[in-house]
Amino acid sequence: MSVWRPVPNLNSAQSEAVHTLKGPLLVLAGAGTGKTRVITYRIAELIKSGIDPSRILAVTFTNKAAREMRQRALTLLGRRKAGAAVPEISTFHSLCVRILRRHARRLGYPDAFSIYDRGDQETLARQALRDIRVSSGNLRPGDLISFIGGWKNKGILPQAAAEGAEGDRAELAGEAYAKYQSQLRASGAMDFDDLLLLTNRLFSEFPDARLAEAKRFDHLLIDEYQDTNDLQYRIVKAMADRHRNLCVVGDDDQSIYGWRGAEIAHILGFRDDWPEAKVVRLESNYRSLAPILAYANTLIAHNSTRHKKVLNPSRDGGTAPRILRFEDEAKEAEEVVLQIQQLLVSNSETPVLPSDIAILFRTNEQPRVFEAELRRTKIPYILVGGQSFYDRREIRDVLSYLRVLANPLDEVSLLRVINTPTRGIGTSTIEALLEFAVAAGTSLWSALPAALRSVQLPAATILRVEGFRSLIEQFRSKQGELPIPELMRELLQVIDYRSELERLHTGPGEAEARWGAVEELVNAAALYEQREKAATLVGFLEEATLSDRDDTPDEDKPQQRALTLMTLHSAKGLEFPHVFLVGMEEGILPHQRSVIEGQGVEEERRLCYVGVTRAQETLTLTFTRARMKWGQPRPSIPSRFLAEMRGETERAMRAAAAAEALFNKKQSEPESETTEASARTKAEKKAKSTKKAKGKARTVKSAQQNSARGGKVAHAAETMNPRKELEVQGPAQARVSPGTSRSSEMPIQGPRGAGAPHANEKKKFPVRA
DNA sequence: ATCAAGCTATTTTTT
DNA sequence: ATAGCTTGAT
């Protein structure tokens, strides 16, 4: 996807970075200046200088980046003997898993501990919230997960979290965190944050383990260092302080993971930890044409906390980025795709392929319309990060079986498969068994034999549960003997999963399609087994959980020439000849939430900067006049960043002010029309729904909270009255919107080369009078 | 155990 | 608008 330009020579700064083989090194590199190339060349250089490749560890942000780096490093080194040592290149998370596998017992986890992804986390979070009988309105699973993530990233344990929690939501989250974590622990499972957290704990509680791990490598290289969070930072220090051969590469202007705990301070303060560090700056941009770079530079200059640097173009020519406005998101999609079609058929000397084009957006709801349009026009595309292969129901089912085989303590998986396919073990049975297990203080799995003896259940049910148990036992013992694909096939056969799919999915061809996915998973297992010398079930599961969400097993099938649809976050590190950055509106980019909280607009600006700097040849920025939200069209305000990029600071400030006024109003405008009566009905309703929760004191508390909230809830619906919305927005819109009296400040182009313009085109793109 | 009907909230980004 | 959930009828 990204073009590995065959520049034979490195420029002097790059060369300096590549050839500084010893000691700490900070490479501060702007977008498109060859960061990754520096790391890759450096790895090759280290190996050429006689370093044992297996003593080199490089850490990347994504698995995809790791894969590419591995490949490129090997290419640079030329042909090597088969089976020769290779450098270890992986993400932080994969690295931690490998470390933890070696020491799991010492931390009280089974060797075959499970790794829980976002979906598993949600299941667990839902359970935890149900346990403390909080009505779902107060704190949703997703909210809980972000609370927990925040705490874990700071190394805060449940008890401390509960004590330090301020406010209703935080308190509830603190309580739920304890449940969540103990369930996770009891399941012999770790979530993504645990991987980092537990590695740190291992290192601090067991110095010998830390030493042993640190001693495995003599060189450490970290890509995208600006996005390291505190846990990762500590791991880096722990791994590198022995040899001090640490090379970090990053760009503070591209730090876009603050919400996940990333700290720019780590890259800005690198020299505090490594005083002898050499610093190299890369400012020659090889990627984008000058006009694109000019926009990027002007935009990012609006941020206050950053290392000042200016990217210098190394290529001449190019046209200014285009800014287009459309009536609504449907038109936006339609016209962008139309333009793409024209790009694709343009018969210049260098034909444009779909794979040369990317559509970038801020939020995951945006691509829908584009997908529909691309499918209609038969342009091949890949949606990065959408519902991935591994999120499909049938895939999760099969993987859950495998996880139970590897680690029967894994309760999320166990509960998923205990009645899949339906085998007559219903909720009440499961609840009774669980209750017994909880009382006995053990996991469901280990409690099963005793539970079946003492819990009152119909004889038939006992037989079914026993049948399930022996099924799992039976396959558990086959685990080591049988190759993974064989194991899977046999299991699928025995549980007759195919019939289950046919029963569940009656649509034409649907069951077949789903079974096809299952077969693909079996194939993936076969491929894994072929590739991996020491293939294990655990290893396969690990790969399935940690691998990029976008790399489906049938990776190199037809999608080679596909256009890319992805979020700005996923676009980091990539480049495309032609980029469409869509939805450039206040509320989307910068996102409403970052505006309301007052913080984070700088990060949104960096996000925009990342988007702009992905483009090599052309950049098109689009926004709409109005966008559907909750079934109603709402007028949009063009993003302040559009104005900023063009140096129209005044206008940008007006856009910002208008957006802030609008969003804050929506948030906190006091109620007006809501009658007491309607508020009361609502509260009553809510209270009723909580009533049947069994808890005593807790139930009362939630009910009270709910009724306290009733008024606000009812009122929120009121402010959403569309007519009111329009009144509120009308003037604000007029002030900042191009196409009205002030629009000459920001000329908006209609779609270029749209052949014979339709009669109504003026309406679609009101290009000022 | 399964399904249709009705209700709800919709406030980002991901290893 | 719509996904995701609960509820009540089979």
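Below, chains carry the letters A, B, ... as their sequence lines are ordered, and counting in each starts from 1.
The NZ atom of Lys629(A) sits 11 Å away from the P atom of dT10(B) (whole-angstrom rounding). With rounding to whole Å, Glu122(A) atom CD is found 15 Å from dT15(B) atom P. One interatomic measurement links the two molecules: CG of Asp194(A) to P of dT14(B), which rounds to 21 Å at whole-angstrom precision. The interatomic distance linking Arg118(A) (CZ) with dT13(B) (C1') rounds to 11 Å, in whole Å. Separating the CG atom of Leu129(A) from the C1' atom of dT6(C) is a distance of 17 Å, rounded to the nearest angstrom. Rounding to whole angstrom units, CE of residue Met628(A) and P of dA1(C) are separated by 7 Å. Rounded to whole Å, the distance from CZ on Phe192(A) to C1' on dT15(B) is 6 Å. Rounded to an integer number of Å, the gap from Met566(A) CE to dT15(B) P is 12 Å.
A cation-pi geometry, defined here as NZ or CZ lying under 6.0 Å from the six-membered ring centre and within 45° of its normal, does not hold between Arg627(A) and Phe326(A).
The nucleotide whose nearest atom lies closest to any side-chain atom of Thr422(A) is, among dT14(B), dT2(B), dA9(B), dT2(B). When each of dT15(B), dT10(B), dT12(B) is scored by its nearest atom to the side-chain atoms of Trp630(A), the top-ranked nucleotide is dT10(B). Residue Arg260(A) has its side chain nearest to dT15(B) when only dC5(C), dT13(B), dT15(B) are considered. The side chain of Ile596(A) approaches dT11(B) more closely than any other nucleotide in the set dT2(B), dT13(B), dT11(B). Between dT15(B), dT13(B), dA3(C), one nucleotide has an atom nearer to the side chain of Thr91(A) than all others, and that is dT15(B). Residue Arg140(A) places its side chain closer to dT10(B) than to any other of dT10(B), dT13(B), dA1(B).
Note on Arg368(A): only backbone sugar-phosphate atoms sit closer than 4.0 angstrom, heavy atoms only; bases stay farther off. Backbone-only engagement by Asn419(A) is indicated by non-hydrogen atom pairs under 4.0 Å involving sugar-phosphate atoms exclusively. Tyr257(A) comes within 4.0 angstrom of the backbone, heavy atoms only, and of no base. Among the protein residues, Gly424(A) comes within range of no part of the nucleic acid, since none of its heavy atoms lies under 4.0 Å from any strand.
With respect to the salt-bridge test (charged N to carboxylate O, under 4.0 angstrom), the residues Glu604(A) and Arg362(A) qualify.
Phosphate proximity of dT2(B) to Arg503(A): present, with a side-chain N or O under 4.0 Å from OP1 or OP2. The side chain of Thr62(A) contributes no N or O atom lying less than 4.0 Å from OP1 or OP2 of dT14(B).
Checking Thr305(A) against Glu602(A) by side-chain atom types alone, a donor-acceptor pair falls below 3.5 Å. Of the N and O atoms on the side chains of Glu500(A) and Thr420(A), not one donor lies less than 3.5 Å from an acceptor on the other residue. For the residue pair Ser428(A) / Glu431(A), no side-chain donor-acceptor distance below 3.5 Å is found, with atom types taken as modelled.
Between Asp397(A) and the choices Arg392(A), Arg403(A), Arg416(A), the salt bridge (Lys or Arg N to Asp or Glu O under 4.0 Å) rule is met once, by Arg416(A).
By the 5.5 angstrom centroid cut-off and the 30-degree plane limit, His591(A) is classified as stacked against the base of dT12(B). By the stacking rule of 5.5 Å between ring centres and under 30° between planes, Phe92(A) does not stack on the base of dT15(B).
Remark: Ser570(A) engages Val384(A), Met566(A), Thr567(A) in a side chain to side chain contact (heavy atoms under 4.5 Å, CB included) (not counting sequence neighbours).
Rounded to whole Å, the P atom of dT13(B) lies 14 Å from the corresponding atom of dG4(C).
Nearest-nucleotide positions on DNA chain B place Ile425(A) closer to the 5' end than the other of Arg593(A) and Ile425(A).
For DNA chain B, none of the residues of residues 579-589 of chain A falls under the heavy-atom distance limit of 4.0 Å.
If you look at Phe370(A) and Phe361(A), their ring centroids are not closer than 6.0 Å.
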